[in-house]
Visitor: 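Quick one: the structure is below, questions incoming.
For the numbers below, each heavy atom of this structure counts, side chains included, while hydrogens, waters and symmetry mates do not. In what follows, chains carry the letters A, B, and so on, assigned in the order in which the sequence lines appear, proteins first and then strands, with residues in each chain numbered from 1.
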Amino acid sequence: MFKRRIPLFILAFVGTLLIVSVFIPPMENLGEDFTLFFDIIAVFAFFLGGGNLVRIHFGKLRRRKKDWGFSIVTLVAFFFMLTIGLLKVSSVGGVWNIPLLGIGDPAAIAASPTTEGSWFQETFNYVINPLQSTMYALLAFFVASASYRAFRAKNREATLLLLAAFIILLGRTPFGMELTRWVPESFSVLQIPNMAIWIMNSPNLAGQRAILIGIGLGVVSMSLRLILGIERSYLGEDRG
Amino acid sequence: MKKSTLIVMAVVVVLFLLSWVLKASALQPEQGSYILRGFLVTFAAFLTLAVMSFLYQDNPFYKFAEHLFVGVSAAFWMCMGFWTTIVQNLIPRLSTSLADYFMVPQRPEGLNLFFYTPVILGILLLMRLSPRGGWISRWPLAFIVGTTAGLNFIRYLRSDFIKQISSTFVPLLGTQWEGIGPFLSNLDLSASGQLVLLLSNWVVFLGVFTGLIYFFFSKEHKGAFGVGSRVGIWILMITFGASFGYTVMGRISLLVGRITFLFGTWLELI
């Protein structure tokens with residue numbers, strides 16, 4: 001009953017209520033309130049994720065598992081960032097502010113955590129940002145090797161994929177612009193940058209739209225399955 | 001740990017310290033707290049190179065950067081969630097004294113005790129960490145899934161289904177059709193010419209139609225239906241190629257950004 005029926009009831013009730021609210025003007029704001037509820041619970045989910053991270057890495061450390069030394073890095077980084085973020089530690093011009101501990105300017109508590117000069121923002125700028133953008137930039141190399149395999153024009157479909165990608169890539173570089181600068185204005189659609197724009201706005205748009213319509217139908221049918229209690233995988237395997 | 005690994009680590013530490021000193025001394029005339037600033041720039045460069053070292057093979061520097069990223073990111077999102085959602089949106093609706101403490105403006109509509117619901121559900125979600133009471137986290141999970149299902153049902157029906165279909169029905173003779181004579185008298189291939197615009201409308205209409213035919217699996221793709229399906233594949237292939245090219249461009253611009261940082265901000269060579 002508590003483990004299975006109540007979650008099914010909560011889901012069906014909340015889902016139906018939000019769909020019905022669209023058709024009843026006094027309930028129009030319900031969607032906004034529930035979105036905010038969702039955001040608030042999501043913050044608790046972040047705390048849950050943080051708690052789980054600490055639990056896993058402490059466990060690794062305690063059992064001296066492989067690479068346990070790196071768990072220390074994760075834990076130190078986590079608690080350091082958490083402390084400076086929650087306490088809003090900042091030091092501007094040699095003046096320290098830790099408003100939650102009563103150090104420095106108490107009005108600093110109202111400042112955004114991402115204010116320039118806060119340690120939280122500095123850590124974002126000099127640790128998270130380089131790591132994040134380099135991780136994504138690294139994909140450029142893997143994409144290059146993947147595209148070598150994928151872009152061999154083995155058949156008509158692969159050739160189309162290759163041509164579209166090539167024109168888009170070339171169309172966004174000065175080299176692409178220089179390459180077809182000689183094409184007269186009355187044939188300007190054949191200039192590579194214009195061709196890239198045309199591909200993005202016409203066949204690409206058509207393909208994206210077909211995919212979006214498919215996604216829309218998929219989401220609607222999955223929502224219905226959830227609300228009607230047909231889809232229950234989110235409850236996990238314990239069928240108690 | 002192997003001797004060679006220790007030597008490499010020692011060399012990296014020495015280079016790091018050297019870079020820190022040089023960077024700090026280069027910044028000295030310009031900025032206060034130059035020692036900290038020098039450290040931060042050097043550390044960011046070290047992290048960039050540590051991640052890039054994965055291109056050679058997995059190594060302790062990459063693992064260090066990876067573990068650091070996990071720890072810092074988890075805490076970053078927790079803090080952002082706390083300050084932007086809990087403090088800004090929840091506290092002013094639940095308590096005036098807490099709102100005063102955090103110096104956030106009170107809500108014009110006053111307190112709303114209805115907002116204790118997500119707090120209770122959030123606490124129940126944390127029960128997931130408890131080995132015996134973990135099942136109770138299904139309640140907030142059901143609420144999250146229910147909210148997503150209810151909101152997405154209408155949202156996707158409107159934006160991904162109805163709106164996309166209505167946008168597909170474009171005038172196939174162009175928006176400024178003045179008859180066959182004027183049309184034939186102006187058949188240039190300029191990017192903004194009527195022929196190209198007309199072709200775009202046909203490609204969008206037929207492209208969506210044939211793309212949907214390809215995704216329809218309840219009928220065998222044979223005959224005229226098969227031809228439509230094949231055209232649909234071509235359109236989808238162009239879409240995938242365009243998306244691929246776009247993604248590669250994005251990644252390359254990020255790479256350029258990192259290289260600019262290394263050679264500009266850190267080494268000051270460009």
Side-chain angles (χ1 to χ4, degrees), chain A residues 3 7 10-11 14-15 18-19 22 34 37-41 43-44 46 50-51 53 70 73-74 77-78 81-82 85 109-110 113 126 130-131 133-134 136-137 139-140 143 157 160-161 164-165 168-169 186-189 194 202-204 206-207 209-210 212-214 216 219-220 223 226 234, chain B residues 40 44 47-48 51 63 67-72 74-75 77-79 81 83 85 103 118 121-122 125 129 135 138 142 145-147 149-150 152-154 156-157 160-161 164 188-191 196 200 203-204 207-208 211-212 215 235-239 241-242 244-245 248 251-252 254-255 258:
Chain A
K3 291 183 181 176
I10 293 173
L11 195 154
V14 172
L18 284 171
I19 292 171
V22 176
F34 272 59
F37 280 19
F38 181 92
D39 291 345
I40 292 164
I41 298 173
V43 175
F44 282 93
F46 285 145
L53 185 84
F70 294 110
V73 175
T74 304
F78 177 77
M81 190 68 171
L82 200 63
I109 202 168
Y126 290 99
L131 281 170
S133 41
T134 316
Y136 282 116
L139 286 179
V143 161
E157 285 79 20
L160 278 172
L161 194 138
I168 296 292
L169 279 169
S186 53
F187 289 89
S188 62
V189 76
N194 288 334
S202 300
N204 172 60
R209 208 167 260 174
L212 280 177
I213 291 170
V219 169
V220 167
S223 297
L226 283 163
Y234 68 96
Chain B
L40 288 173
L47 291 177
T48 304
V51 173
K63 278 190 180 136
H67 282 76
L68 184 78
F69 189 34
V70 171
V72 171
W77 289 111
M78 278 171 73
C79 294
W83 288 109
T85 306
M103 292 185 184
L121 288 170
L125 190 68
L129 291 169
W135 61 270
R138 287 176 178 182
V145 177
T147 310
N152 283 347
F153 183 88
I154 300 292
Y156 276 81
L157 210 56
D160 274 28
F161 190 69
Q164 297 301 331
D188 68 344
L189 283 172
S190 66
V196 173
S200 292
V203 168
V204 168
V208 174
L212 287 174
F215 284 124
I235 292 289
L236 288 171
M237 281 299 156
I238 294 173
T239 306
F244 188 85
V248 171
R251 299 289 186 252
I252 287 175
L254 278 172
L255 185 64
R258 293 325 298 157

Visitor: What part of I41(A) lies closer than 4.5 angstrom to a heavy atom of chain B: side chain, backbone, both or neither?
Guide: both
Visitor: What's the separation between atom CG in L139(A) and atom CD1 in I252(B), rounded to the nearest 0.5 Å?
Guide: 11.5 Å
Visitor: Considering residues at least two apart in sequence or located in another chain, which fulfil the side-chain contact (heavy atoms from CB on, under 4.5 Å) criterion with Q164(B)?
Guide: R209(A), L212(A), I213(A)
Visitor: Pick whichever of C79(B), G211(B), A74(B) has the most heavy-atom pairs under 4.5 Å with chain A.
Guide: C79(B)
Visitor: Counting only non-hydrogen atoms closer than 4.5 Å, does L226(A) touch chain B with its backbone (N, CA, C, O), its side chain (CB onward), both, or neither?
Guide: side chain
Visitor: Could you tell me which of L131(A), V14(A), L82(A) has the largest number of non-hydrogen atom pairs under 4.5 Å with chain B?
Guide: L131(A)
Visitor: When heavy-atom pairs shorter than 4.5 Å are enumerated against chain B, which of F34(A), Y234(A), Y136(A) gives the highest number?
Guide: Y136(A)
Visitor: Taking the side chain as every heavy atom from C-beta outward, state whether D160(B) and V219(A) have any pair of such atoms under 4.5 Å apart.
Guide: no
Visitor: Does the side chain of F244(B) reach to within under 4.5 Å of the side chain of V143(A), using non-hydrogen atoms?
Guide: yes
Visitor: Measure distances from F153(B) to the heavy atoms of chain A and classify the residue's part below 4.5 Å as side chain, backbone, both or neither.
Guide: both
Visitor: Measuring heavy-atom distances to chain B, does V43(A) have an atom under 4.5 Å in its side chain, in its backbone, in both, or in neither?
Guide: side chain
Visitor: Among all residues two or more places apart in sequence or in another chain, which pass the side chain to side chain donor-acceptor pair (under 3.5 Å) test with S200(B)?
Guide: W198(A), S202(A)
Visitor: At a heavy-atom separation under 4.5 Å, does V220(A) approach chain B through its side chain, its backbone, both, or neither?
Guide: both
Visitor: Give, as side chain, backbone, both or neither, the part of N194(A) having an atom under 4.5 angstrom from any heavy atom of chain B.
Guide: side chain
Visitor: Quick one: does T74(A)'s side chain have a donor or acceptor within less than 3.5 Å of a partner on H67(B)'s backbone?
Guide: yes
Visitor: State, yes or no, whether a side-chain contact exists between T239(B) and P203(A) at a heavy-atom distance under 4.5 Å.
Guide: no
